[in-house]
Chemist: 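Below are the structure tokens for one structure; questions will follow.
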Amino acid sequence: MGEDLGVLKVVVVQGKKLVIRDFKSSDPYVVVKLGDQTAKTKVINSCLNPVWNEELTFSLKEPVGVLSLEVFDKDRFKADDKMGHARLSLQPVVSASRLKQILRVSSGETTLRKVVPDTENCLARESTISCVNGEVVQNVWLRLCSVESGEIELKIMLINPPGKA
């Protein structure tokens, strides 16, 4: 692996309009992957609009990859059902972090760039990457793929390693 770019904190905020995979509802949880690193949220029982507000932490290194997530319905007696998946290129966040260093932005809130939905991501709507008190932050809504409906809201934060700030 290459250069250490810092710590990537991913807050899985909430889901909206998730699909029914049980009798009347679903018991969703989210599995987030970055390279060979994997983390998952807790299960929210009987909910199609769950709120997790769970922070997952990853180490971000060059080459910058894609953050991928899968949503599952927890089942007791059989394999968990898939409820869709999404991906997000982390290159815009890393580019914004480099811009922050060049501009020496460290306090207050500054918009660094906007990201629009395209083939490199599953964005449901335009997203803004900002510097908030020294941290690079991106709030995103991702549209779930291979499923009838569903979106997941994430808050991505890139915290640079010591000596990079």
Chemist: Is Lys78 salt-bridged to Asp81, cutoff N-O under 4.0 Å?
Modeler: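 A salt bridge is present here (some side-chain N lies under 4.0 Å from a carboxylate O).
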Chemist: Is the closest side-chain donor-acceptor distance between Asp80 and Tyr29 under 3.5 Å?
Modeler: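 Yes, Tyr29 and Asp80 have a side-chain donor paired with an acceptor closer than 3.5 Å.
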Chemist: Under the criterion side chain to side chain contact (heavy atoms under 4.5 Å, CB included), I'd like the reasoning laid out for Val137 against Ile129: C-alpha separation, chi angles, the key distance, then a yes or no.
Modeler: CA-CA 6 Å; Val137 178; Ile129 303 174; over 6 Å; no
Chemist: Quick check: closest heavy atoms across Ala96 and Val136, and the distance to 0.1 Å?
Modeler: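 Where Ala96 meets Val136 most closely, the heavy atoms are CB-CG1, 4.2 Å.
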Chemist: Mind checking whether Leu88 and Cys122 have side chains closer than 4.5 Å, heavy atoms only?
Modeler: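 SC-SC contact between Leu88 and Cys122 ruled out.
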Chemist: Ignoring hydrogens and angles, state whether a donor on the side chain of His85 or Ser146 is under 3.5 Å from an acceptor on the partner side chain.
Modeler: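 The criterion, which ignores hydrogens and geometry beyond distance, is satisfied for Ser146 and His85.
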Chemist: Is the shortest side-chain heavy-atom distance between Ser59 and Gln37 below 4.5 Å?
Modeler: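 In short, these two side chains touch, coming nearer than 4.5 Å.
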Chemist: Given salt bridge (charged side-chain N to carboxylate O under 4.0 Å, His left out), test Lys42 with Glu54 step by step and report yes or no.
Modeler: CA-CA 8 Å; Lys42 64 184 177 284; Glu54 263 187 75; 3.5 Å; yes
Chemist: Measuring only between side-chain heavy atoms, which start at C-beta, is Val115 closer than 4.5 Å to Leu123?
Modeler: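 Contact flag for Val115/Leu123 side chains = yes.
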Chemist: How far apart are the closest heavy atoms of Leu5 and Leu158, and which atoms are they?
Modeler: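 Reported closest heavy-atom pair: O-CD1, 3.9 Å.
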Chemist: Could you tell me the separation between the OG1 atom of Thr110 and the CG atom of Leu103, rounded to the nearest 0.5 Å?
Modeler: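 Separation between the atoms: 8.5 Å.
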Chemist: Rounded at 0.5 Å granularity, tell me how far CG in Asp4 sits from CG in Leu60.
Modeler: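 Asp4 atom CG to Leu60 atom CG measures 8.0 Å (nearest 0.5 Å).
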Chemist: Looking only at atom types and distance, does a side-chain atom of Gln138 sit under 3.5 Å from a main-chain N or O of Thr128, one as donor and one as acceptor?
Modeler: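 Not confirmed, Gln138 side chain does not pair with Thr128 backbone.
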Chemist: Are Phe72 and Val19 connected in the hydrophobic side-chain network, where two residues link if heavy atoms are under 4.5 Å apart?
Modeler: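 No: no chain of side-chain contacts under 4.5 Å links Phe72 to Val19.
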Chemist: Measure across Leu142 and Ala86 and return the closest heavy-atom pair with its distance rounded to 0.1 Å.
Modeler: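 Closest pair (atom of Leu142, atom of Ala86, distance): CB-CB, 3.9 Å.
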Chemist: Roughly how far, to the nearest 0.5 Å, is CG of Leu69 from CZ of Arg87?
Modeler: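 Reported value, rounded in 0.5 Å steps: 11.5 Å.
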Chemist: Any heavy-atom pair between the side chains of Val116 and Asn121 that's under 4.5 Å?
Modeler: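 Contact flag for Asn121/Val116 side chains = no.
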Chemist: In this structure, would Leu8 and Val31 fall into the same cluster of hydrophobic residues linked by side-chain contacts under 4.5 Å?
Modeler: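 In one cluster: no.
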Chemist: Is the backbone of Val30 close enough, under 3.5 Å, to the side chain of Thr41 for a donor and an acceptor to pair up by distance?
Modeler: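 Answer holds: yes.
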Chemist: Do Val94 and Leu34 share a hydrophobic cluster (ILVMFWY, side-chain heavy atoms under 4.5 Å, transitive)?
Modeler: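 Yes; tracing contacts between hydrophobic side chains, which count when under 4.5 Å, links both residues.
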Chemist: Can you tell me if Asp73 uses its side chain to pair, donor with acceptor, with the backbone of Asp27 under 3.5 Å?
Modeler: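 The answer is yes, because a donor-acceptor pair under 3.5 Å joins these two groups.
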Chemist: Just wondering, do Arg125 and Arg143 contact through their side chains at under 4.5 Å, heavy atoms?
Modeler: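 No, their side chains stay 4.5 Å or more apart.
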Chemist: Give the cluster check for Val132 versus Val13: same hydrophobic cluster or not, with ILVMFWY residues linked at side-chain heavy-atom distances below 4.5 Å.
Modeler: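 Yes, Val132 connects to Val13 through the hydrophobic network.
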Chemist: Looking at Leu112 and Leu99, what are the two nearest heavy atoms and their distance?
Modeler: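 Reported closest heavy-atom pair: O-CD2, 3.7 Å.
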Chemist: Given side chain to side chain contact (heavy atoms under 4.5 Å, CB included), test Leu18 with Ser26 step by step and report yes or no.
Modeler: CA-CA 8 Å; Leu18 300 183; Ser26 290; 5.9 Å; no
Chemist: Nearest 0.5 Å please: distance from the OG atom of Ser46 over to the CD1 atom of Ile20.
Modeler: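 Rounded to the nearest 0.5 Å, the OG-CD1 separation comes out at 11.0 Å.
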Chemist: What residue pairs, at least two apart or across chains, pass salt bridge (charged side-chain N to carboxylate O under 4.0 Å, His left out) with a residue in residues 6-24?
Modeler: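 For residues 6-24, and leaving out neighbouring residues, the salt bridge (charged side-chain N to carboxylate O under 4.0 Å, His left out) pairs sorted by first residue read Lys9-Glu55, Arg21-Glu148.
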Chemist: So Val11 and Met157, side chain to side chain contact (heavy atoms under 4.5 Å, CB included) or not? Walk me through it.
Modeler: CA-CA 8 Å; Val11 178; Met157 293 168 285; 3.6 Å; yes
Chemist: Do Trp52 and Val43 come close enough that some side-chain heavy atom pair is under 4.5 Å?
Modeler: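 Sidechains of Val43 and Trp52: no contact.
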Chemist: Taking the side chain as every heavy atom from C-beta outward, state whether Leu48 and Ser25 have any atom pair closer than 4.5 Å.
Modeler: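 With C-beta onward as the side chain, the pair touches.
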Chemist: Has Ser130 got a side-chain atom pairing as donor or acceptor with Glu109's backbone, closer than 3.5 angstrom?
Modeler: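 Here the side-chain-to-backbone pair does not exist.
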Chemist: How would you list, by chain and number, every residue that makes a ring pair (Phe, Tyr, Trp, His ring centres under 6.0 Å) with Phe58, sequence neighbours excluded?
Modeler: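 In terms of ring pair (Phe, Tyr, Trp, His ring centres under 6.0 Å), with neighbours along the sequence ignored, Phe58 is linked to no residue.
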Chemist: Is the backbone of Val93 close enough, under 3.5 Å, to the side chain of Ser97 for a donor and an acceptor to pair up by distance?
Modeler: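 Not at all, since once roles are kept as given, no pair shorter than 3.5 Å links the two residues.
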Chemist: Set out, in order, the CA-CA distance, both residues' side-chain angles and the distance that settles side chain to side chain contact (heavy atoms under 4.5 Å, CB included) for Arg113 and Thr111, then state yes or no.
Modeler: CA-CA 6 Å; Arg113 73 179 283 183; Thr111 298; over 6 Å; no
Chemist: Contact between Leu154 and Val12 at the side-chain level, heavy atoms closer than 4.5 Å - yes or no?
Modeler: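 SC-SC contact between Leu154 and Val12 confirmed.
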Chemist: Got a second to check how far Met83's CE is from Ser149's OG, nearest 0.5 Å?
Modeler: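 Met83 atom CE to Ser149 atom OG measures 8.5 Å (nearest 0.5 Å).
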Chemist: Between Lys100 and Glu135, is the closest basic N to carboxylate O distance under 4.0 Å?
Modeler: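 Salt bridge: no.
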